[in-house]
Amino acid sequence: MEPHRLSLPPLDEPGEVATFYSHKGGAGRTMALANLAVMLARRHNATVPTLMIDWDMEAPGLHHYFKVQPDGPGVLELFEACRDQLLRRSRHAAESCADEGERDTALAQAVLDAVGWEQYVTRADLGRPLYLMRAGRQDGSYAERLARLDWEALFDACPALFRVFAENLARRFRHVLVDARAGRTETAGICTTLLPTRLVLVFTPNHQHLEGLEALVQRTTTWRRSHEEEQRPLLIYPLPSRIEMNDSAQRALWRRGDPERRIPGYQPLFERALGEAYGLSRVSLESYFNEVQLQQSRSLACGEALPVNGELDDDRFSVTRTFEAFLGWFLGGHRPWQSRDEIPLLDAVAAGRAAMERGGGRGVSLPLARDLARLGQLYRREGRLEQAAACLEEGLSLHVLILGDDHADTLDSKAELADLLFEQEKYHEAHFLQEAVLEARERMFGAGAPPTLEASTALAATLAQLGQFPEALALQDAVIDAYSRQLGGEHLATVESLAIRADILSLAERIEPAAELLEQVLALRTRLLGPEHVDTVRTRKVLAHAKARLRQPEPPAVRDVHGREHRMVGIDQPRAGYPAAQAHRAARGEAPAGELSVPRSVVR
């Protein structure tokens, strides 16, 4: 018996149309689409309406995965009816429309209303809101009718037809998944360029797949940008498939590439292609491809049973687990270059902002400020400094609003933002915040307390960059004296404060005393941490740089922001100490982000 046909009300917000495309066959594209369709339709207690469209007209097969009659009207019959309607109508029928684009859109909608596109959709699963539009009625005339349908002429008769069709689908279905024909065909062009808001590129790692998909990304995004009526979002998700999990060397080779063996590596290829397509100077798919690799499986290679219907979701080796990881990016509309750590923070921040708009108070704003700080720190580690600054500024505003200017958490937020401003070379802005933090911490904790010493070190580093060397050295000497009295001359915090003083001396062009102090720091770090520790190696390099400068002629004098003459060496001056933002970690026995950890045994 034929399952029930479409009877869905319009959605409150438009859904998404996603085309699944592979340049060549054998990538498991249709299987991937079917699995994801089932997973999407069963979300939220099976309340997410999902439509699959079999647009692989020459080799339709989606219906094999579901209890659907193979014979029935579908894409072919729908667009045959659209063609007949267009022959009876004029593009100029809607004379009230102001321009050609509006006339085309009005005509497309009139045609789709007349043919009743809903009648070509059938229910694919009676237990879930999962629907299917077949390729077409598989009778004796199917091949002939398909050959007669001129897709290019259909587009020429009404360029808006396919776009408006996609918009109609998105008003009824949260997810529309289109199974496109492989290769460069007219229907593949329609599916990848005219229909989707998302494009899933399913591939196996080989030359033919990768070269074809790289070219497709360029064609599709260029076409969308160059046509005013098509200025719609298009998110592209590479989906590597049939990855052999038992051969780690081969898996890494095709992911990373090897120029000598003429293997491009799909990760650098897509990083380059997506960077060019979206105008981004830096794209990293490291986190995405760490999670999204669809492994080779007997459940994918044999038969028509869908793995997601039988596997346990918590099995980390299951195909379902990989699909769930993919949905982590796909469902929220996250870009594949957004890291796995970023996505939950973005979701938490969005939820916090929504709660604030609904009138949430302290119980909402403080967790939101915390999540903004974590997101800002993540962006900073990834080198996305402008985004980091926006998050930290918003978090600081919340702390000031709820807790006041002098609360310890507010001061921490100010210090974090000042550290970032220092990294961005915005020294005057950093100086303003650091002075406020230092004054408040001295008043609250005392001059020798660890938070105060942290603030003093940060301010000293900024003063040095502003050319105020006597003030910087006076502050740092007070820090050294405090650590020496409290912790001893050989504590890591004391050694770190000495290294920062050496950096200030180098910036002030006092190279000889800087080199003498670096010798002392190197000896201490070698004894405490070992000769190969990252901090020891860094100090050795900075000392070598200082000694080389002693053998070179002095650089020409320049004037600082106060008009005083000195010889600065610039922001690329190598440092023996951590950046100012991280100096306080040494006092707690911690390593800065990205560095090797300090052995706990030497922190007493």
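With D104 contributing its side chain and L161 its backbone, the two residues share no donor-acceptor pair below 3.5 Å. The backbone N or O of G26 lies less than 3.5 Å from a partner atom in the side chain of R242, making a donor-acceptor pair. Although no hydrogens or angles enter the test, the distance criterion places a donor-acceptor pair under 3.5 Å between the side chain of T197 and the main chain of V17. Under the 3.5 Å distance criterion, the side-chain polar atoms of Y288 are matched with a main-chain donor or acceptor of P238. Under the 3.5 Å distance criterion, the side-chain polar atoms of R174 are matched with a main-chain donor or acceptor of E13. A donor-acceptor pair under 3.5 Å is absent between the side-chain atoms of E144 and the main chain of S141, judged by distance alone. Side chain of T19 to main chain of C191: a donor-acceptor pair is present (N/O by atom type, distance under 3.5 Å, no hydrogens or angles). Side chain of Q267 to backbone of R255: no donor-acceptor contact under 3.5 angstrom is found. Judged by distance alone, with hydrogens and angles left aside, the side-chain atoms of R184 form no donor-acceptor pair with the main-chain N or O of H23 at under 3.5 Å. Under a 3.5 Å cut-off, the side chain of R123 and the backbone N or O of D125 do form a donor-acceptor pair.
Atom CG of L269 is separated from atom CG of L213 by 8.5 Å, given to the nearest 0.5 angstrom. Between the OG1 atom in T30 and the CG atom in D54 there is a gap of 7.0 Å [rounded to 0.5 Å]. Distance CG/D150 to CD/E186: 6.0 Å, rounded to 0.5 Å. Remark: H399 NE2 to L417 CG distance equals 12.5 Å, nearest 0.5 Å. To the nearest 0.5 angstrom, R134 atom CZ is 13.5 Å from I53 atom CD1. Separation of atoms CG (D179) and CG (D56) is listed at 5.5 Å; rounding is to 0.5 Å.
Note: Y120 and F79 fail the aromatic proximity criterion, with ring centroids not under 6.0 Å apart.
R145 and E77 are joined by a salt bridge, as a carboxylate oxygen and a charged side-chain nitrogen come within less than 4.0 angstrom of each other. Salt bridge R256/E286: present, at least one basic N to carboxylate O contact under 4.0 Å. For R137 and E80, the salt-bridge test fails: no basic side-chain N is under 4.0 Å from an acidic carboxylate O. Between R272 and E214, at least one side-chain nitrogen of the basic residue sits less than 4.0 Å from a carboxylate oxygen of the acidic one, meeting the salt-bridge criterion. Using a 4.0 Å cut-off between charged nitrogen and carboxylate oxygen, R353 and E394 count as a salt-bridge pair. Ion pairing of D409 with R370 is absent here, as no side-chain N (NZ or NE/NH1/NH2) approaches a carboxylate O to less than 4.0 Å.
In this view, F330 and Y237, F326 satisfy the ring-ring contact (aromatic ring centres under 6.0 Å, His included) rule, not counting sequence neighbours.
Note: F165 and W55 have perpendicular aromatic rings, judged against thresholds of 30 and 60 degrees for the angle between ring planes. The aromatic rings of F289 and F203 lie perpendicular to each other, with more than 60° between the two planes, well past the 30° mark.
Of the N and O atoms on the side chains of Q109 and N168, at least one donor lies less than 3.5 Å from an acceptor on the other residue. Counted by atom type alone, T47 and N45 present zero donor-acceptor pairs between their side chains at under 3.5 Å. Looking only at atom types and distance, the side chain of S241 has no donor-acceptor partner in the side chain of R29 under 3.5 Å away.
Residues L398 and L366 are not in side-chain contact: their nearest non-hydrogen atoms beyond the backbone lie 4.5 Å or more apart.
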Intermediate values then yes/no, side-chain contact (heavy atoms from CB on, under 4.5 Å), L403 and R362: CA-CA 9 Å; L403 302 175; R362 182 189 182 104; 3.5 Å; yes

Verdict with reasoning, D341 to S339, per side-chain hydrogen bond (donor to acceptor under 3.5 Å, both in side chains): CA-CA 5 Å; D341 294 333; S339 69; 5.1 Å; no

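Sorted by first and then second residue, the ring-ring contact (aromatic ring centres under 6.0 Å, His included) pairs with a member in residues 207-236 read H207-W254, W223-H227; sequence neighbours excluded.
Environment of CD in E58: crowded, with over 12 heavy atoms of neighbouring residues, nucleotides or ligands closer than 6.0 Å.
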